[in-house]
Amino acid sequence: MSPLRRLGLIAAVIGTVVLMSLTANAATATWTVMPDDQSATADGLSAVSCPSVSFCLALGSNGPEPESFQWNGSSWALSARIGQEDESNLNGISCMSATYCLAVGWNFYHGSTAAAWLWNGSSWSNLTAYNPATKWNFLNAVKCVSASYCEAVGSYSKYEGSGQHALAEVWNGSTWTGQPVNGAKGPVPGVLDAVACASASRCEAVGGGLAAGWNGTKWSPQGLPTVNGGQLHGVSCYRTGCTSVGTSSSGGGIETLAETWNGARWALQSPVGSGNVTEAVNTIWSAVHCGRASNCTVVGEWDSASNNYTLAETWNGSKWVEDTTPSPGSGGHHLTALSCTPGTQVCTAVGWTGGTGPILAERN
C-alpha cells in the first residue's frame, strides 16, 4: 500500500471516529433552570408555547387562581390575568407569535364547560368555545397551524365522570365549530389529551388508549398496537408522520411507550420500556416534540422509591438517550409540557416541584 493511500485511510478512520463522537454527543442535551422574577410563583405549570427563543407563554395556577407567565428572553414573570378564580382550569396553549396565542381548558361556570382564551400581545380575552353537552365539556390541548386555523381536543359527557366521548373543535379566527369524532357505532368513547397538526388537513390526536386522525374533512378513530396498560399522553407530527408517547404498565411499575404513525397505521417506535431510567421504579413520559422521525425530545419524570425527578430524553433514530435535567429543591418534580421553537434546536419544558414556589421551567 502506498504511503499516500495509507495516510488517506488513516484520515478517513479518524474522520469517522470524530463524526461518530459528534453524533453521539449531539444525541444528548444538558438542560438548565430558566431564571424568573419573584412574581413567578405557582403550584405548577400545565402548558407552554414558545414561537421564538425570546418569547414563551406558560399556563398554570397559584392556589385557586389561574395564571399565565411570560418569558421575555431573560426571565419569567407573571403575565396578564387569565380566567376566573376558583372557576377556570388551563390545560393547553399554542402561539403563532408573541401577539397571537390561543389557550384552552374548562371552567365550572354553569357546570363544567369548555373554555378558550385569546392573547393579543398584552391581554387575554375570553372566547365562546363549542360545547356539545349541557355540562361536562373539557378541552385539554390545542394546536394552531395559523391564526385562522386551530384544532382543540378534549372530551364531553352528559353525566359527570362517566360516558365520556372524544371532543374536537376548530377555531377559524372568529368562531369555534364542533367536529364529530365518530366511529362505526357513533361518537367515539374516550378522552383526547393531545393534538398535533402537520397542516390544516392532517392532524393526529391521542389520549389514553385512543388515537384519531383528521384528514381535512373528518376525524376518524385509528387502531393502536396492543400494549399492556398503554396510555398515550403526547403527540408530535412532522412531514412523514407522527410520534406519540406515554406509558405502559407492567408487574414492575410504569414504563415508557412510544408509537409512530406513518400515514396508514400506528406501530411501536421502539420496544416498550426502552426509555426506562435504570434505577427508576416508574418512568413516565408526558410530552414530545419531533423535528423528524429520527429526532425527538420527550419530557416527564422518573420515580425512585422515595422521590420523583425531572426527565428529558432524546431519540436519535435508534435508541433513547437520557438528557441531564435539574430537579431543584427537595420536593417531587415533574415536567408536564414541552415546546421547541420552530427552526431551532431550543426546547423549553415546564412542570411542577410540589407545593407553591418558584415556577419550574427548563431549557436545553
Side-chain angles (χ1 to χ4, degrees), residues 24-50 52-62 67-78 93 233-234 245 247 253-254 256 275-290 295-316 319-341 344-364:
N25 290 336
T28 62
T30 298
W31 297 67
T32 58
V33 174
M34 302 170 72
D36 59 74
D37 67 25
Q38 293 183 351
S39 70
T41 61
D43 296 332
L45 298 178
S46 56
V48 64
S49 184
C50 301
S52 72
V53 174
S54 60
F55 176 83
C56 303
L57 276 181
L59 306 177
S61 63
N62 193 344
E67 293 183 334
S68 66
F69 300 88
Q70 182 173 329
W71 170 257
N72 63 8
S74 59
S75 67
W76 286 94
L78 185 64
I93 186 171
H233 306 309
V245 301
T247 57
I254 299 175
T256 59
N276 288 357
V277 175
T278 303
E279 63 268 38
V281 176
N282 303 308
T283 306
I284 299 170
W285 282 345
S286 298
V288 63
H289 173 84
C290 301
N295 182 7
C296 298
T297 298
V298 68
V299 298
E301 72 172 82
W302 69 271
D303 305 336
S304 69
S306 59
N307 208 341
N308 52 337
Y309 306 90
T310 59
L311 175 66
E313 299 186 59
T314 302
W315 173 252
N316 62 15
K319 66 177 181 179
W320 287 98
V321 180
E322 186 179 349
D323 294 343
T324 301
T325 59
S327 294
S330 59
H333 308 83
H334 184 88
L335 294 175
T336 57
L338 174 69
S339 178
C340 297
T341 301
T344 75
Q345 297 295 315
V346 178
C347 295
T348 302
V350 300
W352 51 262
T353 57
T356 299
I359 67 171
L360 177 59
E362 301 183 3
R363 177 167 280 183
N364 64 2

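In this text, all values refer to a predicted model and were calculated from it rather than measured experimentally.
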Nearest 0.5 angstrom please: I359 CD1 to D43 CG, how far?
12.5 Å
Could you pull out the closest heavy-atom pair between A47 and A337, with the gap in Å?
CA-CB, 3.7 Å
How about N316 and V321: do any of their side-chain heavy atoms sit closer than 4.5 Å?
yes
Minimal non-hydrogen separation, T283 against N276, with atom names
OG1-CA, 3.6 Å
What are the two closest non-hydrogen atoms of L338 and T297, and how far apart are they?
CD2-O, 3.4 Å
Hey, does L78 have a side-chain heavy atom less than 4.5 Å from the side chain of D37?
no
For the ring pair W285 and W320, is the centre-to-centre distance below 6.0 Å?
yes
When you check the side-chain N and O atoms of S339 and H289, is any donor under 3.5 Å from an acceptor?
no
Is the shortest heavy-atom distance from the side chain of P35 to the side chain of V33 under 4.5 Å?
no
Hey, could you give me the OG1/CG distance between T353 and L335, rounded to the nearest 0.5 Å?
10.5 Å
Closest non-hydrogen atoms of P328 and E362, given as atom of the first, atom of the second and distance, are CD-OE2, 4.3 Å
Start with the C-alpha distance between I284 and T256, add both sets of side-chain angles, then the distance that settles side chain to side chain contact (heavy atoms under 4.5 Å, CB included), and finish with yes or no.
CA-CA 6 Å; I284 299 170; T256 59; over 6 Å; no
S68 versus L59, closest heavy-atom pair with distance:
CB-CD2, 4.1 Å
Where is the tightest heavy-atom contact between G332 and N308, given as atom of each residue plus distance?
CA-OD1, 2.8 Å
D323, T325, T348 screened by side chain to side chain donor-acceptor pair (under 3.5 Å) with W31, the one that passes
D323
Between L360 and the options T310, D36, T336, V350, the side-chain contact (heavy atoms from CB on, under 4.5 Å) test singles out T310
Between N364 and C347 (side chain of the first, backbone of the second, donor and acceptor by atom type, cut-off under 3.5 Å), is there such a pair?
yes
Kindly indicate whether the side chain of E322, heavy atoms from C-beta on, has any atom under 4.5 Å from the side chain of L311.
yes
Does F69 form a side chain to side chain contact (heavy atoms under 4.5 Å, CB included) with C56? I'd like the steps, not just the answer.
CA-CA 8 Å; F69 300 88; C56 303; over 6 Å; no
Might you work through the side chain to side chain contact (heavy atoms under 4.5 Å, CB included) test for V288 and C290, ending with a clear yes or no?
CA-CA 7 Å; V288 63; C290 301; 3.9 Å; yes
Fit a plane to each ring of W71 and W76, take the angle between them on a 0 to 90° scale, and name the class: parallel (under 30°), tilted (30 to 60°) or perpendicular (over 60°).
tilted
Nearest 0.5 Å please: distance from the CD atom of Q38 over to the OG atom of S75.
11.5 Å
Are the side chains of F55 and L57 in touch, meaning some heavy atoms are under 4.5 Å apart?
yes
Pairing donors with acceptors under 3.5 angstrom, does anything connect the side chains of N72 and S54?
no
Going through the checks in order, is the side chain to side chain contact (heavy atoms under 4.5 Å, CB included) test met by S286 and H334?
CA-CA 9 Å; S286 298; H334 184 88; 2.9 Å; yes
Student check: side-chain heavy atoms of V53 and R363 closer than 4.5 Å
yes
Ring-plane angle category for H333 and Y309, please: parallel below 30°, perpendicular beyond 60°, tilted otherwise.
parallel
